[in-house]
Amino acid sequence: MNDLSLTILPEAAGDAQAIERLHERTFGPGRFVLSAYRIREHVDHVLELSFTARIGTLLVGSVRQLPICVGDTPALLLGPLTVEPPFRGRGVGRLLLERALKDAKALGHRLVLLVGDEPYYSRVGFKPVPKGRVTMPGPVDYARILVLELVEGAFEGVSGPVGPDWSKTPT
């Protein structure tokens, strides 16, 4: 994809409806029972760590990150990452991922988890979480839980349930 045609920008509050329609088209109604969505019910994503991809004014992709804890350890949950089907395979998802992870690291975050396909996400450094280290609410394929250390060694000794970072929820 020509870099001049694609713009990656922080998500704005006004993007919410367009992003929700994109999620609806790409993931369908079954997304609400998935483990990651169960966590998203309780805490909002971080706008400055969530990004959109646009070609002109057309929204073609989105990635969000939200604050979680793994046991007592603060982390981010990346996702959903989605790209409009006609624009897949052109590097849009990778650019969204790279921007989200770069900004998370710059803001001092140490650890990012996601539920996704290892072959895709390993290209930016995600690795499978060792069996038994984490638990998540709702149905989840534990082989698809991946982790990325933004700071070397950040996942050492970390284990426990994955849930919302309650200190980041509105009071």
Side-chain angles (χ1 to χ4, degrees), residues 1 6 8 11 15 18-43 45-46 49-55 59-71 73 75-105 109-152 154-156 158-165:
M1 176 162 289
L6 185 72
I8 306 291
E11 181 180 330
D15 294 330
I19 291 170
E20 181 53 33
R21 286 191 302 270
L22 175 61
H23 292 168
E24 190 175 305
R25 284 191 302 278
T26 56
F27 298 119
R31 69 190 182 280
F32 295 112
V33 300
L34 299 174
S35 193
Y37 272 89
R38 302 299 303 269
I39 294 168
R40 291 183 192 112
E41 291 174 347
H42 301 289
V43 64
H45 60 282
V46 181
L49 291 176
S50 301
F51 298 89
T52 60
R54 294 180 184 276
I55 296 176
L59 179 84
V60 298
S62 167
V63 65
R64 288 178 164 170
Q65 298 188 87
L66 60 136
I68 60 167
C69 286
V70 181
T73 304
L76 292 170
L77 181 66
L78 189 139
L81 167 68
T82 186
V83 175
E84 288 281 10
F87 297 94
R88 291 181 185 164
R90 299 179 184 200
V92 175
R94 176 109 185 215
L95 289 171
L96 283 164
L97 274 173
E98 288 172 352
R99 176 69 186 271
L101 297 172
K102 178 183 75 101
D103 283 28
K105 184 173 184 171
H109 293 276
R110 301 172 45 87
L111 200 57
V112 181
L113 261 67
L114 63 78
V115 179
D117 296 325
E118 182 188 1
Y120 182 82
Y121 290 101
S122 66
R123 296 183 288 178
V124 294
F126 280 90
K127 297 177 180 163
V129 169
K131 187 175 181 175
R133 290 272 298 271
V134 302
T135 58
M136 292 184 77
V140 66
D141 178 351
Y142 282 93
R144 293 172 44 86
I145 301 176
L146 308 176
V147 63
L148 174 69
E149 294 177 320
L150 297 175
V151 174
E152 190 173 336
F155 196 56
E156 287 179 25
V158 175
S159 65
V162 176
D165 183 342

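Nothing here was measured: the structure is a model prediction, and the numbers come from that model.
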If you round to the nearest 0.5 Å, how far is NE2 of H109 from CD of Q65? 7.5 Å
Minimum heavy-atom distance K105-L150, with the two atoms named: CE-O, 3.2 Å
Evaluate the side-chain proximity of L146 to L113: yes if any heavy-atom separation is below 4.5 Å, no if none is. no
One pair to check against side-chain contact (heavy atoms from CB on, under 4.5 Å): L101 and V112. What are the steps and the verdict? CA-CA 8 Å; L101 297 172; V112 181; 4.0 Å; yes
Are R64 and E11 within salt-bridge range, i.e. N to O under 4.0 Å? yes
Under the side-chain contact (heavy atoms from CB on, under 4.5 Å) rule, what do F87 and I55 come out as? Steps first, then yes or no, please. CA-CA 10 Å; F87 297 94; I55 296 176; 3.5 Å; yes
Mind checking the CG-CG spacing from L76 to L66? Nearest 0.5 Å is all I need. 7.5 Å
When rounded to the nearest 0.5 Å, the distance separating CZ of R144 from CE of M136 is 11.0 Å
Pairwise distance CG(L114) to OH(Y121) - rounded to 0.5 angstrom: 5.5 Å
In Å and rounded to the nearest 0.5 Å, what is the CG to NE2 distance from L78 to H45? 12.0 Å
Nearest atoms (heavy-atom pairs only) where D165 meets C69: CG-SG, 3.8 Å
My understanding is that only one of D15, I8, L97 makes a side chain to side chain contact (heavy atoms under 4.5 Å, CB included) with F51; could you say which? I8
If I compare all heavy atoms of A53 with all of V92, which pair ends up nearest, and what's the gap? CB-CG1, 3.6 Å
Separation between OH (Y120) and CZ (R94), nearest 0.5 Å, reads 8.0 Å
Is there side-chain contact between V60 and R54, with heavy atoms separated by less than 4.5 Å? no
